[in-house]
There are 2 protein chains.
Amino acid sequence: MLKYQQIANEIEQYINEQQLKQGDKLPVLEQMMSQYAVSKSTITKALELLERKGVIFQLRGSGIFVRRHNRPGYMSLFSTQGFKSSLGDRVLTSDVIDVSVLKPDALVAENLGIGVSDEVYRVERVRYVDGEVLCHEESYYVKAIVPYLNREIVADSIFDYVQSALGVTIGFSDMYLQVDRLSEVEAGNLGLQENDPTLRIETIFHLTNGKPFDYSRITYHYAHSQFVIQANGPYM
Amino acid sequence: MLKYQQIANEIEQYINEQQLKQGDKLPVLEQMMSQYAVSKSTITKALELLERKGVIFQLRGSGIFVRRHNRPGYMSLFSTQGFKSSLGDRVLTSDVIDVSVLKPDALVAENLGIGVSDEVYRVERVRYVDGEVLCHEESYYVKAIVPYLNREIVADSIFDYVQSALGVTIGFSDMYLQVDRLSEVEAGNLGLQENDPTLRIETIFHLTNGKPFDYSRITYHYAHSQFVIQANGPYM
DNA sequence: TTGTTTAATTGTACCGGTACAATTATACTT
DNA sequence: AAGTATAATTGTACCGGTACAATTAAACAA
């Protein structure tokens, strides 16, 4: 692991351990430099990472402070790798409905940047938080990149598997959000009524080299899905 | 304006002018260094800014490439300053319903980190894109920070005013998303029916020094609001 | 042709430095 | 006490450098 990542983790851990709150001040840069025995730019890089994550904010001439939202029960939309990290002590489970290999339809192929004759894995599952329905997910993985999946892998975290076993790293993703009503079938999946409100999120996940490898459509149960986004500055 | 910001703008402009598409390669770092006559770290900083904005992605050993989503009609959730920038050629207008000074209730005070006896501006408006209802907004500004507002300012962009006239700069914001049904009153505001689906977004905007200055509640018209989020890497 | 090794390309990590602007604390007025 | 100039604190912009890992291209072998 890179130095600046490691340091970022340690600082975040320190904040949690000390139970620092919104506005609390962290040690100054120079102290951190000697504390971790690295150069200024490495510390700066670690802090920048934490700033992007929404953990701290920095104020020139003043110091480095803890930033923290204080609404429990909201999931971060950006725990790109599943929701694991932002769930706290809540338990995430999945019902796997389908894992199969097939040829994508035109829309899926388009979103994955492949041809309709290239194969994809189709995964369908319903996800629960503490036993309550969170969402229904239908996702497609490019088989050339993810050559093998099974129900065990899919029941756990697909992203963990892809990263550790296959050694591919996720680069960036485009998410499309939309509010709509549920169809009859969708309502059945979520234990709701037809025409009930829902949040639909389509996401295209790309590898670091820019190639799409996963296109997923998620419909959220409106009552059990609340999201928080911590945005930074005018430039985001 | 800072060098690296300026350069970031120029590169983005270059991409637009040349109509570069997803995956197209930009000049290599070294060439950019000489092109803009700055050091490597300044170029790096500019590129990092563009990467965060979702304009490019960088691949070590390979080059710098254009990243671009291609779905028209989706607004970026992160044009923190109103939606101006992501609207393209569509026209944003507002009906101002209320601009008044009052004492906040407990909830508003809590979110703004002030007391119930401190004054706030209350602004209520309905916003339209190309004449169609986009959302209903109710927002509260800390009067100590934004000492004056009127209907003209509010009809235009409040954020532009706050930044240019008052010289305060927006630092970061926490957004809370939730899907729900509309109440009768809300439905009236948006020209919809009671119980129709909606996306509610509460946002707390902070200055660079971490102080909240604006708390807003927006309810979106489900048919006219589609959002895109361009997320970066595992660390977001 | 197809795979394999080697070399060139290219962005990133990390170092260490100077200058400076924003904030905060201090000393000094009035 | 209350404002005002002054100095100390502190993060950020920007420079220039070395080392290296990931990618790609070139050379080579089967």
Side-chain angles (χ1 to χ4, degrees), chain A residues 1-9 11 23-52 55-67 163 166-172 206-211 232-235, chain B residues 1-9 11 23-52 55-67 167-172 206-211 232-235:
Chain A
M1 178 172 282
L2 299 169
K3 270 190 191 177
Y4 75 90
Q5 286 179 347
Q6 180 59 38
I7 293 171
N9 289 341
I11 295 173
D24 283 354
K25 193 175 176 182
L26 292 172
V28 299
L29 254 181
E30 208 154 344
Q31 193 185 321
M32 291 193 180
M33 280 176 61
S34 56
Q35 163 118 22
Y36 296 101
V38 292
S39 79
K40 178 161 44 177
S41 44
T42 302
I43 287 287
T44 302
K45 208 127 199 263
L47 293 171
E48 188 198 304
L49 207 62
L50 291 175
E51 197 166 37
R52 280 206 271 165
V55 177
I56 59 163
F57 66 92
Q58 300 180 72
L59 192 50
R60 151 150 100 226
S62 182
I64 303 156
F65 304 90
V66 174
R67 168 185 174 189
Q163 301 224 55
L166 303 179
V168 306
T169 48
I170 292 136
F172 54 89
H206 305 254
L207 302 180
T208 44
N209 65 11
K211 290 207 181 93
N232 285 312
Y235 275 97
Chain B
M1 179 173 285
L2 299 170
K3 270 190 191 175
Y4 76 90
Q5 286 179 347
Q6 180 60 40
I7 291 171
N9 289 341
I11 294 173
D24 283 353
K25 194 176 176 182
L26 292 172
V28 299
L29 254 181
E30 208 154 344
Q31 191 185 321
M32 290 192 180
M33 280 175 61
S34 56
Q35 164 117 20
Y36 296 102
V38 292
S39 80
K40 180 161 43 176
S41 45
T42 304
I43 287 287
T44 302
K45 204 118 203 271
L47 293 171
E48 189 199 304
L49 207 62
L50 292 175
E51 197 166 36
R52 279 206 273 165
V55 177
I56 59 165
F57 65 92
Q58 300 180 72
L59 191 50
R60 152 151 100 225
S62 183
I64 303 155
F65 303 90
V66 174
R67 168 184 175 189
V168 307
T169 48
I170 293 137
F172 54 89
H206 305 254
L207 302 181
T208 45
N209 66 10
K211 291 208 181 92
N232 285 312
Y235 275 96

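In what follows, every heavy atom counts, from backbone to side chain, and hydrogens, waters and symmetry copies are set aside. Note on naming: letters A, B, ... go to the chains in the order of the sequence lines (proteins, then strands), and numbering restarts at 1 for each one. The shown structure was predicted, so the numbers you read here are calculated from the model rather than taken from an experiment.
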* Would you say B/Tyr4 reaches D/dA13's phosphate, i.e. side-chain N/O to OP1/OP2 under 4.0 Å? -> yes
* Does B/Thr42 place a side-chain N or O at less than 4.0 Å from the phosphate oxygens OP1/OP2 of D/dC15? -> yes
* Asked: When all nucleic acid strands are considered with a 4.0 Å heavy-atom cut-off, which category describes B/Leu47: base, sugar-phosphate, or nothing?
  -> nothing
* Would one find a side-chain N or O of B/Lys45 under 4.0 angstrom from OP1 or OP2 of D/dA13? -> yes
* To do: May I have the distance from A/Tyr36 (atom OH) to C/dC14 (atom P), rounded to whole angstrom?
  => 15 Å
* B/Leu50 has an atom CG; how far is it from atom C1' of C/dG11, in whole Å? -> 15 Å
* Please work out if B/Ser41 contacts a base, only the sugar-phosphate, or nothing of the nucleic acid, heavy-atom cut-off 4.0 Å. => base
* Asked: How long is the line joining CE of A/Met33 and C1' of D/dT12, in whole Å?
  -> 14 Å
* To do: List in chain and number order the residues that pass side-chain contact (heavy atoms from CB on, under 4.5 Å) with A/Glu51, two or more places apart in sequence or in another chain; answer none if no residue qualifies.
  => A/Ile56, A/Phe57, A/Gln58
* **Given C/dC14, D/dC15, D/dT12, the nucleotide with the shortest approach to the side chain of A/Gln58** => D/dT12
* Atom CE in B/Met32, atom CD1 in B/Ile11: separation rounded to 0.5 Å? -> 4.5 Å
* Expressed in angstrom and rounded to an integer, what is the separation of A/Ile64 atom CD1 from D/dT9 atom C1'? -> 13 Å
* Just jot down the side-chain contact (heavy atoms from CB on, under 4.5 Å) partners of A/Gln35, sequence neighbours excluded, or say none. => A/Gln31
* Asked: Among all residues two or more places apart in sequence or in another chain, which pass the side-chain contact (heavy atoms from CB on, under 4.5 Å) test with B/Thr42?
  -> B/Lys3, B/Tyr4, B/Ile7, B/Val38, B/Ser39
* Within this structure, what is the CE-to-P distance between A/Met32 and D/dT12, rounded to whole angstrom? -> 11 Å
* Asked: Base, sugar-phosphate, or nothing for A/Leu2, non-hydrogen atoms under 4.0 angstrom?
  -> sugar-phosphate
Write out a two-atom table: protein N or O, nucleotide N or O from nucleotides 19-27 of chain D, distance below 3.5 Å.
{"residue": "D/dT23", "atom": "O2", "partner": "B/Gly61", "partner atom": "O", "Å": "3.4"}

* To do: Let me know the distance between CG of B/Leu29 and P of C/dT9, rounded to the nearest Å.
  => 15 Å
* To do: Please identify each residue that fulfils side-chain contact (heavy atoms from CB on, under 4.5 Å) with B/Thr169, with sequence neighbours left out.
  => B/Gln163, B/Thr208
* To do: Look at the side chain of B/Lys45 and the backbone N and O of B/Ala8, then say whether any donor-acceptor pair between them is shorter than 3.5 Å.
  => no
* **Whole angstrom value for the distance that separates C1' of D/dG11 from CD of A/Gln31** => 15 Å
* To do: Take B/Leu26 and A/Ser39, find for each the nucleotide of DNA chain C with the closest heavy atom, and name the residue whose nucleotide sits nearer the 5' end.
  => B/Leu26
* Whole-Å distance separating the CD atom of B/Glu51 from the P atom of C/dT12 -> 7 Å
* Test side-chain hydrogen bond (donor to acceptor under 3.5 Å, both in side chains) applied to B/Glu48 - qualifying residues, sequence neighbours left out -> none
